[in-house]
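None of these values were measured; they are calculated from a predicted model.
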Amino acid sequence: MPSTAKNRSFRPLAQLAFAVAVTAVVTVAAGTAIADAGATTASARARQLTQAAQQTAPSRARNGIAATSQTAAVFGMLGIDKTGALYSYAPDSADILAPREQLATDYADVRTASNADDDGDGVADNTWVWTTNGGLSSSYGYVGGGWNIYDTVFSPGNLAGAPGYDVLGRDADGVLWFYYGYSDGTLTARHKVGQGWNQYTQLTGKGDLTGDQWPDLVARDTSGILWLYKGTGNGNAPFETRTRIGSGWNQFDALVATSDMDFDGKADLIARQPNGDLYFYKGTGNATAPFAAMRQVGHGYQTYRVMFS
């Protein structure tokens, strides 16, 4: 029988990726699962990993970075290849991506995923996982079905100040929908953000790009122009009017907002060319020019059918 979000087990991606990111070797029992684990068990595991991070992660204070609510979370990057194998790349201040580590082999039916820092401590404690059959799970359990109505789904961060990372979905008509996320891995009913979002071929976001603590979005249109939607902190109208921040972005077939990859406290972006070359755009925290010049950080990444953070 084909597997579904209800009848199969997902490893807790947020916890595994986080453990790799802080270079802590953490063994997760094969029976631990997003779809099956209770909220109490998952929360306890997240707390254990958070304590490990505080002891082993690079010190932001030593790097001259204040540990404030505006400091970007550290998630690293993950990829699912064409066979369904899941790999994690820990962030690295020098090379941006540390050597990959294989986390699983059974993710062929995962459409995409998105990590979340629900308690605001700078590390992942939840992962939203969307399956190809339209199911959604969090690290705390099954959320619900019907998500195939969206061609794009992701969690850009805490958009309105309530506990938990929120979720955005764009439907086939180009309407963008907003779901408030709770810190227990559940969502509210959706409400409409706006329409006309089908003018974009890529839409992504993970954290604050402009230094005001609110998560932002970047969107690429059909002509390759990249636009910034600055976060407002208002869940009813979460983004300001767009501003143009660059052109020539049609050279990439994937854009991945990764939050902080180089431990400087600012959210960054990773972009892939169709030949598999990977580029890093260092975040500046400046709304008028949120990214520094691109820097190549790898090749061979065409092996992944989806990349996320």
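Not one N or O on the side chain of Asn126 forms a donor-acceptor pair closer than 3.5 Å with the backbone of Asp118. Within the 3.5 Å criterion, the main-chain N or O of Ala72 finds no donor-acceptor partner in the side chain of Asp208. A donor-acceptor pair is defined here as one N or O able to donate and one able to accept, closer than 3.5 Å; no such pair exists between the side chain of Ser138 and the backbone of Val143. Looking only at distances, a side-chain donor or acceptor of Thr232 sits under 3.5 Å from a matching main-chain atom of Ala237. Here the side chain of Ser114 pairs no donor or acceptor atom with the backbone of Phe154 at under 3.5 angstrom. Checked by atom type and distance alone, the side chain of Asp81 pairs as donor or acceptor with a backbone atom of Thr83 at under 3.5 Å. Between the side chain of Ser259 and the main chain of Ala73, a donor-acceptor pair closer than 3.5 Å is present. Looking at Gln202, its side chain does come within 3.5 Å of a backbone N or O of Asp253 through a donor-acceptor pair.
Phe280 is listed as a side-chain neighbour of Asp268, based on a closest heavy-atom distance under 4.5 Å. In this structure, the side chains of Thr303 and Lys82 stay at 4.5 Å or more apart for every pair of heavy atoms. When side chains are defined from C-beta on, Leu278 does not count as touching Ile96, because their heavy atoms never get closer than 4.5 Å. Residues Phe75 and Thr258 have side chains not in contact (no heavy-atom distance under 4.5 Å, counting atoms from C-beta outward). With contacts defined as side-chain heavy-atom distances shorter than 4.5 Å, the pair Trp130/Val167 qualifies. Side-chain contact between Met294 and Phe252 is present, with at least one heavy-atom pair separated by less than 4.5 Å. Between Val256 and Leu269, every side-chain heavy-atom pair lies at or beyond the 4.5 Å cut-off. With contacts defined as side-chain heavy-atom distances shorter than 4.5 Å, the pair Leu97/Ile270 qualifies.
Rounding to the nearest 0.5 Å places CG of Leu168 at 10.5 Å from OG1 of Thr204. Note: Tyr89 OH to Leu78 CG = 10.0 Å, rounded to the nearest 0.5 Å. Atom CD1 of residue Ile80 and atom CE of residue Met307 lie 11.5 Å apart, to the nearest 0.5 angstrom. Once rounded to the nearest 0.5 Å, the distance linking OG of Ser183 with OH of Tyr165 reads 13.0 Å. Separating the CG atom in Asp216 from the OG1 atom in Thr243 is a distance of 9.0 Å, to the nearest 0.5 Å. From Gln273, atom CD reaches atom CD of Gln296 across 7.5 Å, with rounding to the nearest 0.5 Å.
Pairs engaging residues 142-162 under the salt bridge (charged side-chain N to carboxylate O under 4.0 Å, His left out) rule: Asp151-Arg170 [sequence neighbours left out].
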> Which is it for Asp221 and Thr201 under the side-chain contact (heavy atoms from CB on, under 4.5 Å) test, yes or no, and what are the steps along the way?
Replying inline: CA-CA 6 Å; Asp221 67 20; Thr201 57; over 6 Å; no

>> The test is side-chain contact (heavy atoms from CB on, under 4.5 Å); show your working for Asp125 and Asp117 and say whether it passes.
In response: CA-CA 6 Å; Asp125 45 43; Asp117 171 24; 3.7 Å; yes

> Going through the checks in order, is the side-chain contact (heavy atoms from CB on, under 4.5 Å) test met by Thr210 and Leu228?
Replying inline: CA-CA 10 Å; Thr210 62; Leu228 171 69; 3.9 Å; yes

> For Trp147 and Thr131, what are the C-alpha separation, side-chain angles and deciding distance, and is it a side-chain contact (heavy atoms from CB on, under 4.5 Å)?
Replying inline: CA-CA 9 Å; Trp147 287 83; Thr131 51; over 6 Å; no

> Yes or no on side-chain hydrogen bond (donor to acceptor under 3.5 Å, both in side chains) for Asp262 and Ser93, after CA distance, side-chain angles and deciding distance?
Replying inline: CA-CA 4 Å; Asp262 58 358; Ser93 58; over 6 Å; no

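By the criterion of side-chain heavy atoms lying less than 4.5 angstrom apart, applied directly or through intervening Ile, Leu, Val, Met, Phe, Trp or Tyr residues, Val218 is not grouped with Val153; the two fall into different hydrophobic clusters. Leu136 and Tyr182 are assigned to two separate hydrophobic clusters, defined by single-linkage of ILVMFWY side chains at heavy-atom distances under 4.5 Å. Hydrophobic clustering, with ILVMFWY side chains joined whenever heavy atoms are under 4.5 angstrom apart, groups Leu176 together with Trp227. Put simply, Ile149 and Leu187 are part of the same group of oily side chains (I, L, V, M, F, W, Y) that touch within less than 4.5 Å, one to the next. Val175 and Leu159 are not part of a single hydrophobic cluster, where members link through side-chain heavy atoms under 4.5 Å apart.
What you find for Ala160 and Asn234 is that their closest heavy atoms are CB-C, 4.4 Å. The shortest heavy-atom contact between Val193 and Phe178 is CG2-CB, 3.5 Å. Shown here for Thr127 and Ala113, the closest heavy-atom pair between the two residues is CG2-CB, 4.2 Å. Between His191 and Gly235 the shortest heavy-atom distance is NE2-O, 2.8 Å. Between Gly76 and Pro91 the shortest heavy-atom distance is CA-CD, 3.6 Å. Annotation for Leu203 and Thr152: closest pair O-CG2, 4.1 Å, computed over non-hydrogen atoms.
Between Tyr179 and Trp128, the gap from one ring centroid to the other reaches at least 6.0 Å.
Both tests hold for Arg190 against Trp177: distance to the six-membered ring centre under 6.0 Å, angle to the ring axis within 45°. By the 6.0 Å and 45° rule, Arg100 stacks over the aromatic ring of Tyr87.
In this structure Lys230 satisfies the salt bridge (Lys or Arg N to Asp or Glu O under 4.0 Å) test together with Asp212, sequence neighbours excluded. With sequence neighbours left out, Asp95 forms a salt bridge (Lys or Arg N to Asp or Glu O under 4.0 Å) with no residue at all. Qualifying salt bridge (Lys or Arg N to Asp or Glu O under 4.0 Å) partners for Arg305, counting only residues two or more places apart in sequence or in other chains: none. Shown here are the side-chain hydrogen bond (donor to acceptor under 3.5 Å, both in side chains) partners of Asn275, two or more places apart in sequence or in another chain: Asp277. Taking the side-chain hydrogen bond (donor to acceptor under 3.5 Å, both in side chains) definition, one finds that Tyr200 meets it with Tyr229, Arg242, sequence neighbours left out.
Around atom CD of Gln195, no more than 12 heavy atoms belonging to other residues, nucleotides or ligands sit under 6.0 Å away.
Exactly one residue among Phe308, Tyr304, Tyr301 makes a side chain to side chain contact (heavy atoms under 4.5 Å, CB included) with Met77. That residue is Tyr301.
Ring geometry, Tyr281 versus Phe291: the interplanar angle exceeds 60°, so the pair is classed perpendicular (tilted spans 30 to 60°).
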